[in-house]
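In what follows, a single structure is set out as structure tokens and then discussed.
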Amino acid sequence: MQEEYEIVLIGGSAGSFQPIKLLLEKLPTEFTYSIVLCLHRPKNVKKGFAEALSIGISHTVLEPYDKEKILQNKIYLAPSNYHLLIDEKKTIHLSTEEPVNYSRPSIDLMFESAAYALKDKVVGILYSGANQDGALGMKKIKENNGLTIIQNPNESTVPTMPKSALSVTPIDLVLSSKEICSFLNSLCSKKKKVLKRFLL
Amino acid sequence: MDLTTLEINLFTEFIFDSFGYDFRNYAIPSFRRRLSRILELFSLNSLFDLKNLLKKEKSFFSEFLSEVTVNVTEMFRDPSFWEEVYTTVLPKISSQSEVIKIWHAGCSSGEEVFSMLIVLDKLGLLEKTKIVATDIDEEILKNAKEGIISYRNLDHNYLNFNTFDPDSTRRLDYYFEKSKKGLKMKQEYLEKVSFIKHNLVSEDPLSNFDLVLCRNVMIYFDEILQDKVLQKMHKSLYINGYMAIGTKESIMWSGIANKFDVENYEEKIYRKTTL
Ligand SMILES: C[S@@+](CC[C@H](N)C(=O)[O-])C[C@H]1O[C@@H](n2cnc3c(N)ncnc32)[C@H](O)[C@@H]1O
């Protein structure tokens, strides 16, 4: 396993809002990677979701435009009703194609595109949720030598999603939501030692 | 296995050489998905097999074209956009032109056009309006001409319509009649529209419009092609004409950005100010 991860992809569905909110609150002001969130939400909850995530954190959660470049130290949220794909240049591509796993945005599509394009630069984290979206995407991340993390199913409000991932692919780290916070903090270059502890 | 970018590029070259359709500047990540889906759909193992099938059966190409494009659409997609068209854009155009000319570029199965017809009807502007709706995909244009919304897609269309116009006197049903396959838009509305096959990438733009809509079409293109198509949109408009793109698209990185004023940033509506 390497330590030069550049992008952290986070998927979540039912029961994931609280732990992800906590994660964003605990982020250091400066982090050396980018974060892209793909969260399921009711179709007509369109506006206000990014804002709700931004409350009380030092970053603004951005809903990117098509062809927007992903920058370091920024947090992006897949817009509702669009799939979000990522290419080699870390450019975002949006698509309105059919829902996958009844979901648009689909976590699988985001994970798969990034795994293909950015290989071992990717960290994938899957939180609580009631369906199987994200499981096959985690498998792709693993196959491309990225790092796979799930929220501990015992702690997840709805464990179906992290459990489905466990059933299709090896998972590098099964962590509580608090541990995920410390892990992301340790990803910042200055704290490599802590990161090593996690990866042992 | 994932299709590599190299394989995809060789394949689009082949399509261009053999059929004259230019997908060479389509955005790779979404195009990769479309191609993988086609391989799965027709139980093919590789792009090589797909190539052979296309060579052997010339009639297969239109099916291929239909599958490689993304046709997903809905009526009143982004209700707040349609509110803006209703309250601002159409009234302004109406006050500055005798005849209102509208182009839907990439109209897919027509839901965006049906929405426009309804909005025009509400404003009493149908009589003075001409609509052209185009798409590259002949198969999907057939659906658009029929004006049918399948019963299984009704729910979210109703939901969008009700968000756009919560206290409408004319409900959505007013504009449609029941048919076997779904709700069919009444002929008196449909006949206001010419549905034409047109390729935005390789053909000259149509011209002399007051409003062009090209929504959720350019997201499937790379930046270079987006810029090229935006130039065409610009060219197709009268001065002071309006351009609408998808609400998650941007003209920021295009050369034409400074030839438009922003009419509504949220809804991505622009007004042509410079030739
Ligand atoms: C996702 S649909 C958009 C439908 C509608 N405008 C909307 O926003 O709901 C995209 C459409 O663009 C069409 N398209 C793709 N490439 C095109 C091209 N080169 N010229 C014209 N239409 C094209 C596709 O066939 C498809 O029907």
Side-chain angles (χ1 to χ4, degrees), chain A residues 36 42-51 62-70 76-100 102-106 108-119 136-137 139-141 143-144 146, chain B residues 1-5 8 26-34 36-37 67-74 77-81 106 108 111-112 153 155-156 159-160 162-164 215-227 230 245-254 265-268:
Chain A
V36 192
K43 209 173 163 186
N44 272 36
V45 180
K46 206 170 171 186
K47 293 182 177 143
F49 201 75
E51 287 81 351
L62 309 163
E63 276 203 18
Y65 287 108
D66 176 59
K67 304 297 178 290
E68 193 162 331
K69 302 268 178 286
I70 296 176
Y76 302 86
L77 170 70
S80 83
N81 237 344
Y82 291 87
H83 293 301
L84 184 154
L85 310 173
I86 299 169
D87 74 8
E88 288 84 348
K89 292 184 197 138
K90 291 201 201 131
T91 300
I92 286 173
H93 300 261
L94 299 179
S95 158
T96 59
E97 75 175 281
E98 301 80 358
V100 172
Y102 310 100
S103 315
R104 190 175 60 204
S106 149
D108 271 347
L109 289 205
M110 175 171 96
F111 281 3
E112 282 170 12
S113 64
Y116 173 81
L118 302 168
K119 314 277 185 237
L136 290 175
K139 185 163 185 261
K140 279 276 156 102
I141 293 178
E143 284 168 4
N144 284 285
Chain B
M1 236 355 254
D2 285 307
L3 301 171
T4 66
T5 304
I8 295 172
Y26 276 52
I28 293 282
S30 44
F31 207 69
R32 170 178 291 119
R33 274 202 52 79
R34 293 322 278 174
S36 309
R37 200 171 151 274
E67 293 300 338
V68 88
T69 50
V70 174
N71 299 128
V72 182
T73 183
E74 45 192 79
R77 188 202 283 265
D78 311 311
S80 51
F81 165 79
S108 190
E111 277 79 345
E112 187 183 272
N153 290 336
D155 284 359
H156 66 259
L159 197 65
N160 284 350
N162 291 335
T163 318
F164 158 68
R215 309 184 73 220
N216 304 305
V217 178
M218 288 180 281
I219 49 178
Y220 301 104
F221 301 165
D222 72 9
E223 291 96 323
I224 297 168
L225 187 54
Q226 285 190 357
D227 191 45
L230 281 167
I245 57 176
T247 44
K248 282 291 150 196
E249 295 173 80
S250 175
I251 62 168
M252 227 147 47
W253 31 78
S254 161
Y265 185 76
E266 277 282 300
E267 308 303 342
K268 294 291 168 289

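Residue numbers begin at 1 in each chain, while the letters A, B, ... track the order of the sequences.
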Side chain, backbone, both or neither: which part of [X] has a non-hydrogen atom closer than 4.5 Å to chain A?
{"X": "Thr73(B)", "answer": "neither"}
{"X": "Met252(B)", "answer": "neither"}
{"X": "Leu3(B)", "answer": "backbone"}
{"X": "Val70(B)", "answer": "side chain"}

Please classify the contact between [X] and chain B as side chain, backbone, both or neither, with a heavy-atom cut-off of under 4.5 Å.
{"X": "Glu88(A)", "result": "side chain"}
{"X": "Thr96(A)", "result": "both"}
{"X": "Leu85(A)", "result": "side chain"}

Measure the shortest side-chain to side-chain distance between [X] and [Y] over non-hydrogen atoms and say whether it is less than 4.5 angstrom.
{"X": "Asp66(A)", "Y": "Lys248(B)", "value": "no"}
{"X": "Arg37(B)", "Y": "Glu98(A)", "value": "yes"}
{"X": "Asp2(B)", "Y": "Glu143(A)", "value": "no"}
{"X": "Ile219(B)", "Y": "Tyr65(A)", "value": "no"}

Notebook entry, point to check: In chain order, what residues pass the side chain to side chain donor-acceptor pair (under 3.5 Å) check against Lys140(A), with sequence neighbours excluded?
Noted result: none
Check: Can you name the residues that form a side chain to side chain donor-acceptor pair (under 3.5 Å) with Lys69(A), not counting sequence neighbours?
Finding: Thr91(A), Glu223(B)
Next item on the list: Search all heavy atoms of Tyr116(A) against all heavy atoms of Thr5(B) and return the closest pair with its distance.
Entry: OH-N, 3.3 Å
Next item on the list: State the NE2-OH distance between His93(A) and Tyr26(B), to the nearest 0.5 angstrom.
Entry: 15.0 Å
Check: More than 12 non-hydrogen atoms from neighbouring residues, nucleotides or ligands closer than 6.0 Å to NZ on Lys67(A), yes or no?
Finding: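 Enclosed: over 12 neighbouring heavy atoms sit under 6.0 Å from NZ of Lys67(A).
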